[in-house]
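Lettering of chains follows the sequences in order, A, B, ..., and the numbering in each one begins at 1. Source: prediction; values computed, not measured.
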Amino acid sequence: MLIELKNINKINITSFQNDLITWFQQEKRDLPWRKDRDPYKVWVSEIMLQQTRVDTVIPYFNRFIEWFPDIDALAEAEEDKVLKAWEGLGYYSRVRNLQSAVREVKEKYHGKVPDTREEIATLKGVGPYTAGAILSIAYGIPEPAVDGNVMRVLSRILLIWEDIAKASTRKVFEEAVRKLISHEDPSSFNQALMELGALICTPTSPSCLLCPVREHCQAFEEGVQNELPVKTKKTKTREVQLAAAVLLNEDGKILIHKRPSDGLLANLWEFPNVELHHPIQHERGTIMDLFENSLGLNVHLNKVIGQIEHVFSHLVWKIKVYIGTINNKIEENSEWKLVSTEEIEEYAFPVSYQKMYQLFLKQQRTPK
DNA sequence: TAACCGTGGCT
DNA sequence: TAGCCAAGGTT
């Protein structure tokens with residue numbers, strides 16, 4: 001760590017801070033979470049922005065703040081409505097953790113978001129980056145907020161060759177930021193590093209000729225900006241075969257199921273489905289048996305209406321989609337619901353099952 | 001440490 | 001197109 005950071009001595013820190021912050025003040029994007037420094041809104045935006053693009057987040061952020069304008073509103077909301085607000089954003093545990101943490105802030109901290117790293121970092125879903133982001137942006141405290149942008153930018157400026165895919169590497173950059181950060185304007189400094197990474201110092205083909213801190217950049221000086229940062233490749237995804245069905249009862253209502261409260265897509269809704277472990281199970285009759293065993297209901301699968309391939313970050317679902325019927329009377333409870341096509345809009349589904357529902361609607365429009 | 005946890009845009 | 005990538009956190 002010390003060996004890497006010797007390159008900090010080559011930086012004129014005051015000049016670097018000034019060039020970076022001046023550029024940021026002139027060029028920063030007008031984003032909805034930059035309208036004020038409300039710690040709650042900063043917090044919501046930082047959670048949404050985790051592994052998610054700015055353009056994707058903007059409409060979600062606006063609607064989320066409209067539905068849940070403050071800590072009280074989110075603390076008191078139904079989880080199903082909170083998940084509906086997050087529908088399509090991905091990484092759904094983020095918002096369940098956020099609501100849990102907001103409730104803790106309401107009860108334990110009288111509704112005020114903590115302003116120390118020790119306290120804020122204990123909140124669910126608030127890791128080292130998010131803690132630093134809230135502390136610096138909402139409270140003006142000079143704490144590092146090291147995300148992928150910051151590691152990319154500083155790896156180039158300081159010529160740091162450590163693998164940023166390794167979790168332990170983040171500490172190297174936090175130490176660097178602690179030495180570089182402006183104590184006059186920590187908020188602008190941290191945001192400027194990220195903004196620079198997003199707009200200028202991009203992963204591929206960085207716009208060095210437009211860069212406000214080019215003269216401080218050791219990678220540019222050596223012509224190796226395209227070799228940084230060092231990031232090892234991830235392992236490839238595994239494949240899961242599923243059969244899923246839109247099942248209608250005698251009244252034309254659709255059977256839906258709430259997923260378990262942990263693991264993939266936790267607490268989101270889905271259509272009944274079974275995993276196909278062996279090739280032999282791909283016969284329709286066998287799949288019907290699997291459904292009946294899994295649901296404890298008399299199921300008839302009418303026909304296949306399509307095939308869906310859905311890619312997650314670490315696995316691929318290949319879903320054979322059926323339309324079918326159920327004869328038995330079903331007891332609705334917290335886990336199983338029979339819903340009309342109007343009522344279904346109130347439930348949060350992952351994108352894979354939204355695609356499946358679109359297949360069903362298309363089938364309804366063009367019967368036989 | 002490395003796997004898990006989503007989605008959509010880009011090359 | 002298939003892989004890479006984006007303001008990470010949890011286990």
Give every residue pair that meets the salt bridge (Lys or Arg N to Asp or Glu O under 4.0 Å) criterion with at least one member in residues 122-137 of chain A, sequence neighbours excluded. none

Pairs touching residues 141-150 of chain A that satisfy salt bridge (Lys or Arg N to Asp or Glu O under 4.0 Å), sequence neighbours left out: Arg117(A)-Glu143(A), Glu143(A)-Arg178(A)

So which one's nearest nucleotide on DNA chain C is more toward 5', Ser45(A) or Gly125(A)?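 Between the two, 5'-proximity favours Ser45(A).
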
Base, sugar-phosphate or nothing for Lys166(A)? Non-hydrogen atoms, less than 4.0 Å. nothing

Contact class for Val126(A) (heavy atom, under 4.0 Å): base, sugar-phosphate, or nothing? sugar-phosphate

Could you list all the side chain to side chain donor-acceptor pair (under 3.5 Å) pairs where at least one residue sits in [range], not counting sequence neighbours?
range                       : answer
residues 59-76 of chain A   : Asp72(A)-Lys106(A), Glu76(A)-Lys106(A)
residues 244-269 of chain A : Glu79(A)-Asn267(A), Asp80(A)-Lys258(A), Lys253(A)-Glu343(A), His257(A)-Glu270(A), His257(A)-Glu335(A), Arg259(A)-Glu270(A)
residues 39-59 of chain A   : Asp36(A)-Lys41(A), Glu46(A)-Tyr129(A), Gln50(A)-Thr130(A), Thr52(A)-Arg94(A)
residues 221-232 of chain A : Asp163(A)-Thr232(A)

So for atom NZ, which belongs to Lys81(A), do other residues, nucleotides or ligands contribute more than 12 heavy atoms lying within a distance under 6.0 Å? yes

Other residues, nucleotides and ligands only: do more than 12 of their heavy atoms fall within 6.0 Å of NE2 on His183(A)? yes

Tell me which donor-acceptor pairs under 3.5 Å the side chains of residues 198-207 of chain A have, and how far apart each pair is, sequence neighbours excluded?
unit_1    : atom_1 : unit_2    : atom_2 : d
Thr202(A) : OG1    : Thr204(A) : O      : 3.1
Thr202(A) : OG1    : Ser205(A) : O      : 3.4

In whole angstrom, what separates [X]'s [atom1] from [N]'s [atom2]?
X         : N      : atom1 : atom2 : answer
Arg96(A)  : dG9(C) : CZ    : P     : 18 Å
Leu49(A)  : dA6(C) : CG    : P     : 14 Å
Glu309(A) : dG3(C) : CD    : P     : 11 Å
Ile200(A) : dA6(C) : CD1   : C1'   : 17 Å
Ile47(A)  : dG9(C) : CD1   : C1'   : 9 Å
Leu98(A)  : dG8(C) : CG    : C1'   : 14 Å
Lys171(A) : dG9(C) : NZ    : P     : 12 Å
Trp86(A)  : dG9(C) : CH2   : P     : 13 Å

Identify, with sequence neighbours excluded, every residue that meets salt bridge (charged side-chain N to carboxylate O under 4.0 Å, His left out) alongside Lys84(A).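 Per chain and number, Lys84(A) pairs via salt bridge (charged side-chain N to carboxylate O under 4.0 Å, His left out) with Glu87(A).
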
Can you give me every donor-acceptor pair (side chain of residues 312-331 of chain A, partner residue at least two apart or in another chain, under 3.5 Å) with its distance?
unit_1    : atom_1 : unit_2    : atom_2 : d
Asn328(A) : OD1    : Asn298(A) : N      : 2.8

Pair Gln241(A)-Glu239(A), side-chain donor/acceptor within less than 3.5 Å: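 Present: a donor and an acceptor within the cut-off.
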
Roughly how many Å apart are dC4(C) and dA3(B), using the P atom of each and rounding to a whole number?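 It comes out at 15 Å once rounded to the nearest Å.
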
Among residues 21-36 of chain A, which contact DNA chain C at a heavy-atom distance under 4.0 Å? Arg29(A), Leu31(A), Trp33(A), Arg34(A)

Using a cut-off of strictly less than 4.0 Å, decide whether Arg152(A) has a side-chain nitrogen or oxygen near OP1 or OP2 of dA6(C).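 True: Arg152(A) side-chain N/O within range (under 4.0 Å) of dA6(C) OP1/OP2.
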
For DNA chain B, determine which residues of residues 135-142 of chain A have any heavy atom closer than 4.0 angstrom to one of its atoms, and list them numerically.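 Heavy-atom contacts with DNA chain B come from no residue of residues 135-142 of chain A; none.
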
Indicate for each nucleotide in nucleotides 5-11 of chain B, in 5' to 3' sequence, whether protein heavy atoms under 4.0 Å reach the base (B), only the sugar-phosphate (S), or nothing (-). BBBB---

